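None of the values given here were measured: they were computed from a predicted structure. Quick note: numbers below take in every heavy atom, side chains included, and nothing from hydrogens, waters or symmetry partners. To find a chain, count down the sequence lines: A is the first, B the second, and so on, and within it residues start at 1.
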Amino acid sequence: MPAFYQQYRNQILFSVMAGLLVLVAIMQSLSVSLTILNLCLISAIMALGVNIQWGYAGLFNVGVMGFAALGGLAGVLISMPPVSEAWQAGGLGILLGLLITVGTVVACLFAWTRISHLKKQRYWIIAAIIICGYALLRIFFDPGVDAIEAIDPSVTGYLGGLGLPILVAWPVGALFAAGVAFVIGKIALGLRSDYLAIATLGISEIIIFFIKNEEWLTRGVKNVNGLPRPVPYEIDLQQAQWFQEWAITLGMPVDDASAVFVKICYALLFIAVIGILLWLSETALKSPWGRMMRAIRDNETAAAAMGKDVTWQHLRVFVLGSAVIGLAGAMLTTLDGQFTPVGYNPLRFTFLIWVMVIIGGSGNNWGAVLGGFFIWFFWIEAEPIGLWLIETLTSGMDPQSAVRAHLLEGAAHMRLMTVGIILLLTLRYAPEGLIPEKKRL
Amino acid sequence: MTDFLNALTLLGNFLIIPGLTYGSQLALGALGVTLVYGVLRFSNFGHGETMAFGAMVTILVTWGLQSLGISIQPLPTALLAIPVGIAVTVLLTLLIDRFVYRYHRERKANPVIFLIVSIGVMFFLGGLIRFIIGPGDQIFFDGTRFILKAREFKQMTGLDEGLSLKMTQAVTIITAVMIVAAMFWFLNHTRTGKSMRAYSDNENLALLSGINPDRVVMITWILVAALATIAGTLYGLDKSFKPFVYMQLLLPIFASAIVGGVGNPIGAIAGGYVIAFSELILTFAYKKVVLYLGPESMEIESLVQFLGTDYKIAVSFIILVIVLIIKPTGLFSGKTI
């Protein structure tokens with residue numbers, strides 16, 4: 001049996017996963033099962049992104065949430081129709097602000113290279129440039145922001161997007177995340193490994209604060225609803241002649257059939273993306289580049305001695321992984337059809353993804369995908385299971401007792417504790433994960 | 001002259017006293033992070049939750065004392081409960097070390113693995129805290145609220161601006177000074193403290209000279225638990241106790257430790273104040289100060305604020321980035337205790 005398991009491990013594990021989803025489809029409903037499947041697919045893509053950074057290169061990114069939020073932001077900025085009054089009211093101020101920011105950065109870089117002979121003074125010069133630039137920025141930017149936020153705040157109050165199809169937002173989300181990752185990587189890579197963790201933790205918090213507070217761009221906590229879809233709307237399907245006939249032949253009510261149809265469309269789109277990504281990652285891992293990355297991960301000093309530029313390769317792989325996470329973030333907003341900045345919390349978007357990678361098997365792309373499926377499935381189903389468990393355990397107690405009420409109330413926090421315990425147990429007893437990295441000779 | 005004094009009082013009330021208080025809390029937190037880094041050589045992401053745990057135990061004991069009618073007016077009862085909080089937290093950290101960290105330490109695991117393990121511990125503790133005390137806001141402050149009231153100060157000096165000093169602020173600053181002094185005395189003048197510094201400086205050499213590594217690790221966790229409990233309780237007394245806030249404190253605490261130079265206790269304390277004052281200076285609205293200092297007829301519309309208060313968290317990050325670019329070893333470069 002163990003030999004059989006060893007040989008067909010991937011097939012067995014993925015069949016178990018499929019079986020679980022089928023079980024949910026039978027016990028709850030097909031629609032619920034498909035909802036879980038779609039989020040599993042997105043989680044798997046995020047896990048792939050983290051695996052590129054951690055599994056290929058040993059980089060510890062604690063800012064997954066920030067990169068995913070950037071992808072989500074791209075969804076809004078690309079797909080929502082532009083608000084022309086807002087552009088007229090404050091567009092000029094915003095554009096001037098952007099110009100000033102770019103100008104300040106260019107001036108800083110220029111000054112930095114030109115005055116390298118001045119040792120201490122150049123910090124003061126750079127600081128002076130930044131302060132002047134910031135003051136200028138505030139003078140032009142603030143009135144623009146106020147004007148934009150004043151326009152019909154309950155409906156718009158922001159600049160809107162470009163009004164392009166939302167599928168365009170997916171690569172753009174990846175680009176956003178890659179851009180921020182490049183800056184962070186430039187600063188924190190090449191220093192001690194914990195600095196990257198702390199820097200990414202910081203930047204992800206700041207991205208979320210930015211998105212919540214800069215209402216002229218994102219509507220902040222007021223959320224952006226009604227993002228356009230890449231797939232048909234249920235209501236259109238229900239009125240279409242062909243769909244009604246099709247639903248009758250399947251023997252399903254038209255409402256249910258339309259919901260299921262839309263979810264299947266999403267699932268197919270996501271499977272296509274995950275297929276392409278998996279193919280690319282596997283090819284990259286087998287290529288000479290993948291060999292070099294593993295060499296760097298396993299022994300940085302030796303790789304550096306062989307003439308590999310470790311920091312530069314780390315930067316590349318960090319940017320690539322973040323881009324994949326940004327892509328997944330954009331896909332998530334597409335699926336939700338709305339952008340809700342308050343929804344981003346580090347537990348759900350950073351640490352859960354990490355648990356997926358570690359449990360799935362770091363360094364193995366299939367492992368990351370499987371981890372994404374398993375962990376998301378249990379994350380969704382853990383709450384009912386936990387509640388049921390506590391209820392059963394305390395059923396002998398007096399229903400009015402305060403202890404029982406407290407325990408039932410606390411059941412919601414069991415998820416947090418369970419995630420922690422699972423992580424600790426995996427790291428100790430199965431550090432390789434469900435699907436270990438292939439041993440290569 | 002009065003205008004100048006008014007402006008000064010205004011700054012004192014809203015900038016200097018809060019800065020000293022917040023800085024002391026950060027310094028105590030950063031000291032714990034730096035100790036773990038110096039001796040155990042990893043960045044402890046679980047520190048925020050350890051602080052929350054210590055504060056939680058202290059709160060529970062405080063409630064118990066309050067229901068028994070024990071108090072130490074005018075000081076808050078929580079001060080009486082802190083020793084119990086420390087004892088329980090010490091027990092917790094030692095248990096965690098025994099069952100979680102020791103295994104990885106014996107295998108000489110990579111620091112990044114320790115980091116991930118500490119994140120697991122963070123979740124576990126976070127869940128435990130929310131399970132025991134709930135995610136809500138807890139107020140456990142009692143005793144006299146103000147040592148110096150703004151109104152009294154105005155009457156005393158005849159100025160338009162008042163200077164107030166809250167009991168919690170005074171308690172925080174004084175406790176922090178005492179703890180830091182005791183800490184340095186311990187590290188520099190006792191045999192155990194010296195052995196800790198030696199171990200942190202050069203592990204192999206320390207082992208050769210017969211220092212017991214298990215004992216050093218144990219003492220470190222005891223100190224870390226004590227510092228975390230005190231920092232957590234002081235923060236909870238001053239603001240209020242909310243479990244999720246302690247996770248958000250993690251970034252400023254790490255920033256303080258790194259700005260000062262990770263592994264360097266003096267650096268951690270300096271870093272705490274640097275971060276606290278930068279946060280307040282950059283997000284303070286200087287409108288009234290400018291009005292006092294400027295000419296009589298001056299009128300300004302804006303708040304004269306560098307950054308919105310919402311971006312407080314960004315300040316510690318910006319400082320962190322500047323330090324990483326200019327001097328990655330921190331202000332007081334050093335990796336040893």
Side-chain angles (χ1 to χ4, degrees), chain A residues 54 58-60 62 123 127 131 134-135 138 142 183-184 186-188 190-199 201-203 205-206 208-210 212-214 345-347 350-351 354-355 358 406-407 409-429 431, chain B residues 37 42-43 45-46 96 99-100 103-104 109-117 119-135 243-244 247-248 250-252 254-255 257-258 262 302 305-308 310-314 316-318 320-322 324-326 328-329 335:
Chain A
W54 170 245
L59 299 176
F60 191 62
V62 206
Y123 292 126
I131 290 171
Y134 187 68
R138 290 286 295 269
D142 287 0
V183 177
I184 292 295
K186 258 295 191 214
I187 295 167
L191 298 170
R192 251 199 352 250
S193 59
D194 337 28
Y195 283 174
L196 182 70
I198 294 163
L201 176 82
I203 195 72
E205 293 282 342
I206 289 169
I208 301 301
F209 267 80
F210 177 84
K212 277 185 192 162
N213 286 307
E214 300 301 310
N345 77 51
L347 177 66
T350 299
F351 298 115
W354 264 97
V355 175
I358 288 171
H406 185 84
L407 283 175
E409 219 170 85
H413 310 299
M414 290 302 259
R415 284 216 285 207
L416 202 62
M417 228 188 310
T418 322
V419 169
I421 292 173
I422 291 178
L423 191 63
L424 292 177
L425 289 179
T426 317
L427 282 170
R428 175 148 185 182
Y429 295 105
Chain B
Y37 190 84
F42 70 94
S43 303
F45 270 63
I96 289 177
F99 290 106
V100 181
Y103 171 80
H104 297 284
N110 198 315
V112 182
I113 300 291
F114 273 104
L115 218 163
I116 303 177
V117 170
I119 287 176
V121 170
M122 173 176 105
F123 284 144
F124 172 74
L125 285 181
L128 191 69
I129 291 162
R130 284 162 183 76
F131 187 73
I132 296 176
I133 203 164
F244 85 91
M247 210 186 116
Q248 291 186 337
L250 213 54
L251 184 66
F254 273 126
I258 292 176
V262 192
S302 76
Q305 198 176 17
F306 292 111
L307 268 176
D310 302 317
Y311 283 107
K312 249 185 188 163
I313 191 159
S316 39
F317 184 75
I318 293 168
L320 180 70
V321 165
I322 293 174
L324 287 188
I325 292 175
I326 297 177
T329 44
K335 265 182 194 134

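- Side-chain contact between Y37(B) and S43(B): present, with at least one pair of heavy atoms (C-beta onward) separated by less than 4.5 Å.
- Of the two parts of F210(A), the backbone and the side chain both hold a non-hydrogen atom closer than 4.5 Å to a non-hydrogen atom of chain B.
- Heavy-atom distances place the side chain of L320(B), and not its backbone, under 4.5 Å from chain A.
- Proximity to chain B (any heavy atom under 4.5 Å) is restricted, for L424(A), to the side chain, taken from C-beta onward.
- Interface residue F209(A): backbone and side-chain heavy atoms are both found under 4.5 Å from chain B.
- Between Y103(B) atom OH and L427(A) atom CG the span is 10.0 Å, to the nearest 0.5 Å.
- The most heavy-atom pairs under 4.5 Å with chain A, out of V100(B), I119(B), I129(B), come from I119(B).
- Two rings, from F123(B) and F351(A), have their centers less than 6.0 Å apart.
- Looking at heavy atoms from C-beta onward, F45(B) lies in side-chain contact with L201(A) at the 4.5 angstrom threshold.
- Of the atoms belonging to L125(B), not a single heavy atom falls under 4.5 Å from chain A.
- In this structure, the side chains of K312(B) and P252(B) stay at 4.5 Å or more apart for every pair of heavy atoms.
- Looking at W54(A) and L59(A), their side chains never come closer than 4.5 Å, going by heavy atoms from C-beta outward.
- Contacts between I184(A) and chain B at a heavy-atom distance below 4.5 Å involve the side chain alone, from C-beta outward.
- Per-residue counts of heavy-atom pairs under 4.5 Å with chain A were compared for S316(B), G126(B), A314(B); the largest is that of A314(B).
- Contact annotation for F131(B): both backbone and side-chain heavy atoms come within less than 4.5 Å of a heavy atom of chain A.
- With a 4.5 angstrom heavy-atom cutoff, F99(B) touches chain A only via backbone atoms.
- When E214(A), K186(A), K212(A) are compared by the number of non-hydrogen pairs under 4.5 Å with chain B, E214(A) comes out ahead.
- Residues R130(B) and M417(A) fail the side-chain proximity criterion, which asks for heavy atoms closer than 4.5 Å.
- Across I113(B), I132(B), N110(B), the residue that shares the most heavy-atom pairs under 4.5 angstrom with chain A is I132(B).
- Most heavy-atom pairs under 4.5 Å with chain B: of the set I198(A), T426(A), I422(A), L423(A), this distinction falls to I198(A).
- A distance-only check finds no donor-acceptor pair linking the side chain of Y195(A) to the backbone of I258(B) [under 3.5 Å].
- Minimum interatomic distance between H104(B) and V117(B) (heavy atoms only, all atoms of both residues): NE2-CG2, 3.6 Å.
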